[in-house]
Amino acid sequence: MRRLLAAAATDVTPLSGTGAGERDPGLLLALARVGGTPCVVLGHDRGSHAGEGGPAETGVPAHGQALGPAGLRAARRGMRIAAELDLPLLTVVDTAGAALSRDAEEGGLAGEIARCLADLMALPAPTLCLLLGQGAGGAALALLPADRVLAARHAWLSPLPPEGASAILYRTTDRAYEVAERQGVRSADLLANGIVDRIVEEGEDGTADPDGFLPSLGQVLGSELAALQGREQGERLAARRERYRRLGTRG
């Protein structure tokens, strides 16, 4: 997430917390220009290694904790800011899942996932979702509903990671690839099923070069955000509702 901002965004202004005294370093929220288009951007902050888009490059502190209920409340604050400022919202999905703890459950994690979904469906601002890497569990699904959904070629999305599903079904993770194929978690499967609208290629050899891929991805995101901003609001909201009403009903 920070590497994307470092490579593809300018005028990055980090925002902190929920606005009600809570803060979850697992959620990155900022105002930025992505590909030249002003927007609100939010996503799971998975942390970084030295030299990989750290705080010196983005002004955003480095953390690696799982996303908890306070993080989703901060995400909902970002949605409100987008509506208030009449800016498009970019959500970036790259997460191994939400926090798995008693504190997270008692803090209202499930309810916050549901509220994120509801807020995104009704948000008047233009919305764009990018599946950048891992997309596991409720933390990924909570940031998914958008007017347009893009995926990096090697990104994937699943309510339950294939390894977990394999362990439940077969008591081993060795059949994760088989389960993943049946789940349809890959970007090509998501495109075929109408969950993703566009796949962004990462590199001919199957490995992305961040120095080349992320800046070009930023230009794609900027163009998509600008196009969404140019659509009439009523038509765009009606199309969003229809999109998710028919999701999963294709033969």
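All of these numbers come straight from a predicted model, not from anything done at the bench.
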Atom [atom1] of [X] and atom [atom2] of [Y]: how far apart are they, to the nearest 0.5 Å?
X    : Y    : atom1 : atom2 : value
L132 : D94  : CG    : CG    : 5.0 Å
Q183 : L157 : CD    : CG    : 10.0 Å
E224 : L128 : CD    : CG    : 6.0 Å
L130 : L144 : CG    : CG    : 11.5 Å
R33  : L5   : CZ    : CG    : 14.5 Å
H154 : I199 : NE2   : CD1   : 10.0 Å

_pair L42-L28: side-chain heavy atoms closer than 4.5 Å_ = no

Got I195 and L131 here, is their nearest side-chain heavy-atom distance under 4.5 Å?
no

- Query: Under the side chain to side chain contact (heavy atoms under 4.5 Å, CB included) criterion, do L31 and L15 qualify, and how do the steps go?
  - Reply: CA-CA 7 Å; L31 298 173; L15 304 174; 4.1 Å; yes

Between [X] and [Y], which heavy-atom pair has the shortest distance, and what is it?
X    : Y    : value
E201 : F213 : O-CE1, 3.3 Å
V185 : P162 : CG2-CG, 4.4 Å
C39  : V34  : SG-CG2, 3.6 Å
A136 : P161 : CB-CG, 3.8 Å
L67  : H44  : N-NE2, 3.6 Å
L27  : G43  : CD2-O, 3.4 Å

State plainly whether one hydrophobic cluster holds both [X] and [Y], where clusters connect Ile, Leu, Val, Met, Phe, Trp and Tyr through side-chain heavy atoms under 4.5 angstrom apart.
X    : Y    : answer
W156 : L217 : no
L214 : V41  : yes
L117 : L29  : yes
M121 : V196 : yes

Ignoring hydrogens and geometry, is there a side-chain-to-backbone donor-acceptor pair from [X] to [Y] under 3.5 Å?
X    : Y    : value
R240 : L120 : yes
Y244 : A146 : yes
E232 : G234 : yes
S187 : R153 : yes
R77  : S16  : yes
S166 : T172 : yes

Please determine whether a side-chain nitrogen of the Lys or Arg among R243 and D197 lies less than 4.0 Å from a carboxylate oxygen of the Asp or Glu. yes

- prompt: Hey, is E105 close enough to R102 for a salt bridge, meaning N to O under 4.0 Å?
  reply: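 Looking at E105 and R102, the cut-off is not met.
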
Using the test side-chain contact (heavy atoms from CB on, under 4.5 Å), find all partners of A239 that sit at least two apart in sequence or belong to another chain.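 Per chain and number, A239 pairs via side-chain contact (heavy atoms from CB on, under 4.5 Å) with R231, E235.
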
Contacts of A8 meeting side-chain contact (heavy atoms from CB on, under 4.5 Å) (sequence neighbours excluded), chain-then-number -> L4

Within a radius of less than 6.0 Å around CD of E181, do more than 12 heavy atoms belonging to other residues, nucleotides or ligands occur? no

Without placing hydrogens or testing angles, list every side-chain donor-acceptor pair under 3.5 Å for residues 78-91, not counting sequence neighbours.
{"residue": "T91", "atom": "OG1", "partner": "L143", "partner atom": "O", "Å": "2.8"}

Given the rule in the side chain to side chain contact (heavy atoms under 4.5 Å, CB included) test, do L221 and L150 qualify, once you have shown the distances and angles that lead to the verdict? CA-CA 9 Å; L221 294 172; L150 275 57; 4.1 Å; yes

Evaluate the criterion side chain to side chain contact (heavy atoms under 4.5 Å, CB included) for residue pair R198 and V220; output intermediate values, then yes/no. CA-CA 10 Å; R198 178 179 178 181; V220 170; 3.6 Å; yes

